[in-house]
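Comments concern the structure below.
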Amino acid sequence: MDDGKPRKKILVLGDYGVGKTSLIKQCINEEFDDQHLTTLGVNIALKEISMRFGGEKADIDVELELWDIAGNKGIADIKREFYKDGDGAIIIADLTKENNIIDCENWIKTTYQIIGKIPFIFVGNKYDLVSEDDLNMEKIQELASRYNTPFILASAKFGDNTNEAFHEIAQKVA
């Protein structure tokens with residue numbers, strides 16, 4: 001069914017266990033499940049985003065087709081097909097794992113190799129599980145500025161900044 005809204009394919013990428021599925025569930029259904037469910041291959045969800053730039057009526061309505069792609073490294077050839085026609089990406093890091101922020105760069109480099117440069121954002125998930133002292137803001141800011149893109153600190157568990165992350169990528173691809 002074509003309702004006239006542009007549909008944009010968004011790749012949701014990151015290592016195994018960073019919370020990709022949890023962020024999507026929180027944004028779409030406002031729910032969180034403590035059970036760790038491993039994505040096998042890809043899960044696809046739809047999220048409608050209304051971007052308002054003033055006034056009561058939405059200036060732009062966009063439907064995001066969220067491709068939650070498995071974080072394991074073993075299905076690289078299959079993943080190539082999942083990346084095809086991607087309009088943008090959300091690269092997710094687990095803030096409780098120190099080197100996971102560095103791994104974000106590997107995901108964007110892989111994306112560029114497979115489909116070329118597309119707009120993306122970084123999201124640091126599990127913000128609720130780290131103290132301000134444990135966050136390496138210098139590393140986070142350095143990565144975000146190197147790619148001239150936002151790095152959003154979020155919590156899928158409590159919903160902090162989850163909607164903002166999806167709105168941010170919608171603005172980049174609309």
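Residues Glu132 and Met137 have side chains not in contact (no heavy-atom distance under 4.5 Å, counting atoms from C-beta outward). In this structure, Ile101 and Leu143 have side chains that are in contact, with non-hydrogen atoms separated by less than 4.5 Å. No side-chain heavy atom of Glu48 sits less than 4.5 Å from a side-chain heavy atom of Val62.
Between the Asp160 side chain and the Ser155 main chain, no donor and acceptor come within less than 3.5 Å of each other. Listed for the Asn125 side chain is a donor-acceptor partner under 3.5 Å among the backbone atoms of Ala156. Looking only at distances, no side-chain donor or acceptor of Asn99 sits under 3.5 Å from a matching main-chain atom of Ile102. Using a distance-only test at 3.5 Å, with no hydrogens or angles considered, no donor-acceptor pair links the side chain of Glu63 to the main chain of Arg7. Listed for the Lys9 side chain is a donor-acceptor partner under 3.5 Å among the backbone atoms of Lys84. When atom types are taken as modelled, the side chain of Lys20 and the backbone of Asp15 share a donor-acceptor pair closer than 3.5 angstrom.
Heavy-atom minimum distance, Leu95 versus Gly124: CD1-O, 3.4 Å. Taking each heavy atom of Cys27 and Phe166 in turn, the nearest pair found is SG-CD1, 3.3 Å. Taking each heavy atom of Leu23 and Ala154 in turn, the nearest pair found is CD2-CB, 4.2 Å. The nearest pair of heavy atoms linking Ile169 to Pro119 is CD1-O, 3.8 Å. Contact detail for Asp87 and Lys8: the closest heavy-atom pair is OD2-CA, 3.3 Å.
Atoms OG1 and CD1, on Thr110 and Ile115 in that order, are 11.0 Å from each other to the nearest 0.5 Å. If you take CD1 on Ile121 and CD1 on Ile92, they are separated by 8.5 Å, rounding to the nearest 0.5 Å.
Cluster annotation: Tyr112 and Ile69 are assigned to the same hydrophobic cluster (Ile/Leu/Val/Met/Phe/Trp/Tyr, side-chain heavy-atom contacts under 4.5 Å, transitive). A chain of hydrophobic side-chain contacts below 4.5 Å, direct or via other Ile, Leu, Val, Met, Phe, Trp or Tyr residues, connects Tyr83 to Ile44.
Shown here is Phe151, whose CZ atom has more than 12 heavy atoms of other residues, nucleotides or ligands within 6.0 Å.
Classification of Glu142 and Arg146 as a salt-bridged pair holds, one side-chain N sitting under 4.0 Å from a carboxylate O.
Ring centroids of Phe120 and Tyr147 are separated by less than 6.0 Å, placing the two rings close together.
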